[in-house]
Amino acid sequence: MQFNSLLAITDLNRAQIDGLLDAALTRYLPRVKTFGFKDNDLKGLGVLLLFYEASTRTRVSFEYAGKMLGADTINVSAKGSSAEKGESLADTALTLAAMGFSITVIRHPGADGAALYAKYFPGAVLNAGAGRGQHPTQALLDCLSLKAAGKLEAGRRLAIVGDIKHSRVMRSGLQLLLSYGVDITLVAPPTLLPDDCHALQPEHWAAGAPGRITVETDLDRALPSLDAVMMLRMQRERMEGGLITTLDEYSKLYGLNQRRLKLLPPDAVILHPGPVNRGVEVSAPVYEDPRCLINEQVSCGVALRCALLAWCAGKLGVTGT
Ligand code: NCD
């Protein structure tokens, strides 16, 4: 059986991206929202959830999606696995392949962790977050949330706010959004921006109407012209010291709070991949705001991962890579 893998968002072409988003939106999201479903598209397949980093949303949504599609899902976390005894990622891949698993969903702290594992694992590998590198399934689910809200169109304006430098969500998300012609403003203090923001845009990929990247350090100035704002978590586990003064100071300058909600247009939407540091990048009133899609993103995450697992096993009718 031939399986499809997804390591970076640029592994997909336009038809595959559109096929995944359409299936997630029309086939799976309504069923997820009415408390799940059961079909047999993945019956008899073993799906391994190999998580070397913490996760709630990504791991649970992949597991639930796998179960709804009839797969046998098994969880392995770094803690308690042979990784603690020094086994290499290559040997782990060979060991798990020998057990007969068809699909591995992997989250790893190394930017090339998923790609390295895929060299040794003969089945499908889905990257569920690789260090400061790629997080393609998050990019797809964020685009799905925007599509469901009618905002995934050329010429729309979206700001990505906060810890841009360390964010794999931003890296994959920005590439995918630009390919739809969405214009992106990166909003952050200079210490949390990459050295060359324009180098983040891949050339000649997923042809469309490529959006533009602009950089802004003043959130108040960016908000009034936006269709969507994506807040990012402060990734302190990936940060060298001294990049921000204090979290309080950061929150004053870059947090989405009651006052800033008034600067955001009435029909704009608010995204955050989670987990949220309440009171740092997002304050409590944001959750009460009808423009907030943070929980909607979680539902979209399950639907998207259903579509992705079905695609992976060749059950979506969308051509493989
Ligand atoms: C993100 C991740 O792990 O990259 N969360 C997620 O997958 N929902 C974002 C983060 O950790 O800030």
Side-chain angles (χ1 to χ4, degrees), residues 6-9 24 32 49-66 75 77-79 104-115 125-146 158-177 186-188 192-194 200 229-239 243-244 247 250-251 254-256 270-282 286-287 292-306 308-309:
L6 178 61
L7 300 178
I9 198 68
V32 167
L49 304 153
L50 184 57
F51 276 66
Y52 289 87
E53 265 188 12
S55 171
T56 301
R57 276 150 274 260
T58 308
R59 195 194 56 71
V60 174
S61 61
F62 263 118
E63 182 171 4
Y64 191 31
N75 278 284
S77 59
K79 209 170 161 42
T104 302
V105 178
I106 179 170
R107 169 168 288 192
H108 194 272
D112 57 356
V125 179
L126 301 177
N127 178 1
R132 285 157 65 164
Q134 284 270 321
H135 193 354
T137 71
Q138 183 71 40
L140 288 163
L141 83 85
D142 289 342
C143 280
L144 178 60
S145 312
L146 289 169
L158 176 138
I160 305 180
V161 183
D163 188 1
I164 312 274
K165 188 175 189 140
H166 302 97
S167 177
R168 57 192 177 204
V169 173
M170 179 283 304
R171 227 165 288 282
S172 316
L174 173 121
Q175 296 179 337
L176 185 53
L177 287 160
L186 300 173
V187 184
L192 293 181
L193 285 166
L200 298 167
V229 60
M230 179 189 290
M231 307 303 294
L232 296 176
R233 183 175 66 86
M234 266 299 175
Q235 292 145 79
R236 279 171 286 176
E237 74 278 15
R238 306 207 170 95
M239 240 178 235
L243 291 183
I244 53 165
L247 283 182
Y250 172 83
S251 170
Y254 293 99
L256 194 57
I270 301 163
L271 304 174
H272 189 307
V276 169
N277 290 310
R278 278 199 195 220
V280 180
E281 62 266 3
V282 159
V286 171
Y287 274 91
C292 175
L293 297 186
I294 297 177
N295 289 329
E296 183 66 20
Q297 283 173 276
V298 177
S299 305
C300 283
V302 183
L304 187 274
R305 284 159 183 143
C306 287
L308 195 66
L309 286 170

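The figures that follow rest on heavy atoms only: side chains count, while hydrogens, waters and symmetry mates do not. Order of appearance sets the numbers: ligands from 1, and atoms from 1 within every ligand.
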Exercise: identify the closest heavy-atom pair between His108 and Arg168: O-NH1, 4.3 Å
For atom 10 (C) of ligand 1, the option (of Arg171, Met234, Glu281, Arg233) bearing the nearest heavy atom: Arg233
Distance (rounded to the nearest 0.5 Å) between Gln175 CD and Leu200 CG: 7.5 Å
Selection from Arg168, Glu53, Arg57 by shortest heavy-atom distance to atom 2 (C) of ligand 1: Arg168
Contact check, Gly129 vs ligand 1, heavy-atom distance below 4.0 Å: no
Under 4.0 Å to a heavy atom of Val169 - the qualifying atoms of ligand 1, by number: 1 (C), 4 (O), 9 (C)
Sub-4.0 Å atoms of ligand 1 with respect to non-hydrogen atoms of Gln138: 6 (C), 7 (O), 8 (N)
Ligand 1 to Pro273 polar contact by distance, N or O atoms, under 3.5 Å: yes
Shortest non-hydrogen contact between Ser299 and Val32, atoms and distance: O-CG1, 4.1 Å
Aromatic Tyr287 / basic Arg278 pairing, under 6.0 angstrom, 45° off normal: yes
Any Arg107 heavy atom less than 4.0 Å from ligand 1: yes
Geometric cation-pi criterion, Arg305 with Phe62: 6.0 Å, 45°: yes
Smallest separation among heavy atoms of Ile106 and Ala114, with atom names: CG2-CB, 3.8 Å
